[in-house]
Amino acid sequence: MLKQKYFSANSVISAITWLIVTMMMIVAILVISFLSVLDGRTIEDSYDRVSIAFNYEKNALLKLNIEYSYWDRGYEKTVKNPSPEWRYDTYQKYLIPAYELSFVTLIHPDNRVELLGQQAGEQGYDSASIQPLFSSAIKDKVELLNSRNQSLMNKAFFSQFDGSTYLVSVEPFRHEKTGAFVDGTHLVLAKQIDAEYLSKLTKQFKLPTLSLVKSDSYDAYYELEGIGQSLPTANLYWSIERMTNQLVPAILAILGVFLIITIVLARVLLNKDLHDIVEYQTELYSAAMTDSLTGVANRRYFLEFGNKSLLVSVVQKKPLTVLVLDLDHFKKINDRYGHPIGDAALRHFCETCQKYVRHSDLIGRVGGEEFAIALPHTGLEQSLKLAEELRVMVSESQLEIEGHQLHLSVSIGAATLDNHSSFEELLADADQALYQAKKSGRNRVEKLG
């Protein structure tokens with residue numbers, strides 16, 4: 001019997017069919033796996049953005065509370081010699097609507113809670129009905145503050161009260177100059193975490209739709225942490241638009257028609273989607289963190305960076321210095337040559353400064369022609385040397401534009417970290433040094449004191 005030398009047509013068709021089916025399954029599995037990784041990264045990114053948003057909200061509420069609790073006149077009018085009219089104008093008429101607070105209260109040294117103001121449309125609390133507020137996590141915060149627990153000072157947190165969740169800041173009234181506690185009275189600012197608040201937060205920070213209600217198909221959650229509690233006060237849940245759900249059915253349908261075309265098309269579409277996502281996130285980050293004219297950090301991001309650097313410097317016991325720079329007579333440049341040339345001068349100035357700073361430093365635009373440089377782990381002497389080099393370089397450089405030669409000069413003020421309670425306070429000292437530089441004739445470097 002002769003051996004068969006050739007494959008039959010049925011065998012070839014069957015082999016090709018199984019090969020196509022196998023390749024389709026492998027490609028489908030690879031595509032689904034790749035999309036799942038992207039979904040996972042999208043979920044991680046959404047969590048990071050939610051975390052950043054609430055850290056910003058907590059810092060903003062804390063800063064507002066510190067502004068009022070470190071105010072001697074505020075303590076005088078609110079606690080020591082209370083003025084009903086001043087209280088109403090300050091807390092109920094201004095603070096509540098301006099910062100969208102739910103309520104403002106005092107907690108006296110005897111743990112008595114006194115209502116100073118509440119948002120219109122709230123449940124109509126008064127000082128008696130809001131007394132149970134002290135039995136919430138706020139009580140823990142007050143006790144920790146009274147015990148001088150440094151690790152939990154200057155921190156906003158979340159608390160439950162009367163069935164609702166609130167973002168709360170509790171700070172003791174302090175003397176403006178010394179920072180010492182006055183008499184144990186605490187100022188409480190609270191924002192209710194409700195659907196309206198979450199909707200505004202979502203639009204402001206480009207977040208997924210957040211909810212306090214747990215759904216059956218949520219992708220991630222964020223814990224709203226209280227004070228001194230083992231469990232979170234509440235959780236926020238959200239879902240994302242999964243790329244696997246959107247693209248896999250179409251990709252599988254195309255794979256069934258023609259494998260090679262499907263692979264190419266899938267790669268093009270996926271790469272485009274990934275590029276668009278990265279580009280969109282990059283644009284958002286750049287718009288939120290940088291000054292559009294000069295390309296340096298904007299005031300908001302500079303202050304955020306500065307506060308984080310201050311905390312690190314305090315913990316690590318490292319120096320932190322801030323330089324505040326102001327172009328001398330910049331208004332005359334705008335008036336004489338026009339704003340386009342003035343803008344070019346600002347960009348030229350920032351490019352010059354960038355050449356002298358390290359990657360760990362940050363330049364920010366904090367005013368019209370006023371800039372600041374945060375120098376972590378840098379002492380005053382080294383910072384003054386850098387400031388002088390910048391001053392000389394700016395004064396010696398010439399900017400030629402549209403046939404005009406501009407001679408720029410800059411005044412610089414410097415201040416280094418020394419018992420400052422906030423970065424804003426350190427920045428204010430550097431600004432005061434800048435004022436001394438201008439007062440002394442401009443085009444010079446001055447340090448505070």
Side-chain angles (χ1 to χ4, degrees), residues 59-60 62-72 74-75 145 148-156 169 171-182 296-297 299-326 353 356-367 370-391 410-440 444-449:
N59 289 335
L62 172 63
K63 180 180 178 182
L64 179 64
N65 198 330
I66 289 176
E67 180 180 346
Y68 280 79
S69 60
Y70 271 73
W71 188 17
D72 290 346
Y75 172 78
L145 287 172
R148 304 302 194 269
N149 190 322
Q150 296 294 329
S151 64
L152 294 176
M153 286 189 177
N154 296 335
K155 288 186 178 180
S169 174
E171 291 297 323
F173 280 97
R174 301 172 186 257
H175 293 288
E176 288 182 15
K177 294 184 178 180
T178 66
F181 287 16
V182 180
V296 300
R299 180 180 180 86
R300 170 183 166 186
Y301 179 62
F302 182 78
L303 292 178
E304 180 181 337
F305 175 87
N307 279 302
K308 290 181 180 178
S309 299
L310 185 142
L311 292 176
V312 171
S313 296
V314 171
V315 172
Q316 297 182 352
K317 297 182 179 180
K318 299 287 187 179
L320 170 64
T321 303
V322 175
L323 304 179
V324 177
L325 309 89
D326 190 274
C353 292
Y356 283 84
V357 298
R358 305 163 299 181
H359 291 294
S360 59
D361 304 331
L362 183 69
I363 302 176
R365 186 180 183 185
V366 295
E370 188 171 296
F371 298 82
I373 305 177
L375 302 169
H377 299 177
T378 306
L380 183 60
E381 182 177 351
Q382 184 179 354
S383 300
L384 290 174
K385 181 179 178 181
L386 170 64
E388 180 62 22
E389 291 176 354
L390 281 175
R391 185 196 66 77
V410 61
S411 300
I412 305 175
T416 194
L417 181 61
D418 182 20
N419 297 324
H420 293 87
S421 60
S422 67
F423 183 75
E424 288 79 0
E425 184 178 340
L426 177 60
L427 185 65
D429 283 350
D431 195 60
Q432 184 63 33
L434 171 65
Y435 175 77
Q436 294 176 7
K438 286 185 169 294
K439 189 176 180 181
S440 301
R444 59 188 297 117
V445 178
E446 292 286 349
K447 63 180 180 179
L448 187 64

Q: Sequence neighbours left out, what passes side-chain contact (heavy atoms from CB on, under 4.5 Å) with Asn65? Give chain and number order.
A: Ser69, Ser169, Glu171, Leu187, Leu189
Q: For the residue pair Val296 and Leu362, establish whether any side-chain heavy-atom pair is separated by less than 4.5 Å.
A: no
Q) For Glu446, what residues pass the side-chain hydrogen bond (donor to acceptor under 3.5 Å, both in side chains) criterion, not counting sequence neighbours? A) Arg444
Q | Residues which pass side-chain hydrogen bond (donor to acceptor under 3.5 Å, both in side chains) with His377, listed by chain and number, not counting sequence neighbours | A | Gln316
Q) Does any N or O in the side chain of Ser309 come within less than 3.5 Å of the main-chain N or O of Asn307, such that one atom is a donor and the other an acceptor? A) no
(Q) Going by the rule side-chain hydrogen bond (donor to acceptor under 3.5 Å, both in side chains), which residues pair with Glu176 if we only count those two or more places apart in sequence or in a different chain? (A) none
Q.
Looking at every non-hydrogen atom in both residues, tell me the closest pair between Gln436 and Lys447 and how far apart they are.
A. OE1-O, 3.5 Å
Q: Write out all pairs satisfying salt bridge (charged side-chain N to carboxylate O under 4.0 Å, His left out) with one or both partners inside residues 302-318, taking only residues at least two apart or from two chains.
A: Glu304-Lys308
Q. Which residues pass the ring pair (Phe, Tyr, Trp, His ring centres under 6.0 Å) test with Tyr70, sequence neighbours left out?
A. none
Q. Below 4.5 Å, heavy atoms only, C-beta onward: do Lys155 and Leu62 meet side chain to side chain?
A. no
(Q) According to salt bridge (Lys or Arg N to Asp or Glu O under 4.0 Å), who are the partners of Asp431, at least two apart in sequence or on a separate chain? (A) none
Q | Partner residues of Phe305 under the ring pair (Phe, Tyr, Trp, His ring centres under 6.0 Å) criterion, sequence neighbours left out | A | none
Q. So which heavy atom on Ala372 is nearest to which on Val366, and how close?
A. CB-CG1, 4.1 Å
Q. Taking the side chain as C-beta and beyond, is there a heavy-atom pair between Ile373 and Val324 under 4.5 Å?
A. no
**Q.** Closest non-hydrogen atom pair between Ala374 and Phe423, with its separation
**A.** CB-CZ, 4.5 Å
Q: Please list, chain by chain and in numerical order, all residues satisfying salt bridge (Lys or Arg N to Asp or Glu O under 4.0 Å) with Asp326, sequence neighbours excluded.
A: Lys438
Q: Write out all pairs satisfying salt bridge (charged side-chain N to carboxylate O under 4.0 Å, His left out) with one or both partners inside residues 379-391, taking only residues at least two apart or from two chains.
A: Glu388-Arg391
Q. Heavy-atom distance under 4.5 Å between the side chains of Glu370 and Leu434, does that happen here?
A. yes
Q: Answer yes or no: is there a side-chain heavy-atom contact under 4.5 Å between Leu427 and Phe302?
A: yes
Q.
Just so I know, are the side chains of Val322 and Leu375 near enough to count as touching, which here means a heavy-atom distance under 4.5 Å?
A. no
**Q.** Nearest atoms (heavy-atom pairs only) where Ser411 meets Ala437
**A.** CB-CB, 4.1 Å
Q) Under the side-chain hydrogen bond (donor to acceptor under 3.5 Å, both in side chains) test, which residues partner Glu425, sequence neighbours left out? A) Ser421
**Q.** CA sep, side-chain torsions, deciding dist, call: Ser422, Ile66, side-chain contact (heavy atoms from CB on, under 4.5 Å)
**A.** CA-CA 10 Å; Ser422 67; Ile66 289 176; over 6 Å; no
Q | Reported OG1-to-CG distance for the pair Thr416 and Asp429, which is rounded to 0.5 angstrom | A | 10.5 Å
(Q) Could you tell me if the side chain of Leu320 sits less than 4.5 Å from the side chain of Leu310, heavy atoms only? (A) yes
**Q.** Shortest non-hydrogen separation from Ala433 to Leu448 and the atoms involved
**A.** CB-N, 3.6 Å
Q. Is the Tyr75-Tyr68 ring centre distance short of 6.0 angstrom?
A. no
Q: Could I get the full list of salt bridge (Lys or Arg N to Asp or Glu O under 4.0 Å) partners for Arg358, not counting sequence neighbours?
A: Asp361
Q. Where the side chain of Thr321 meets the backbone of Thr378, is there a donor-acceptor pair that is under 3.5 Å apart?
A. yes
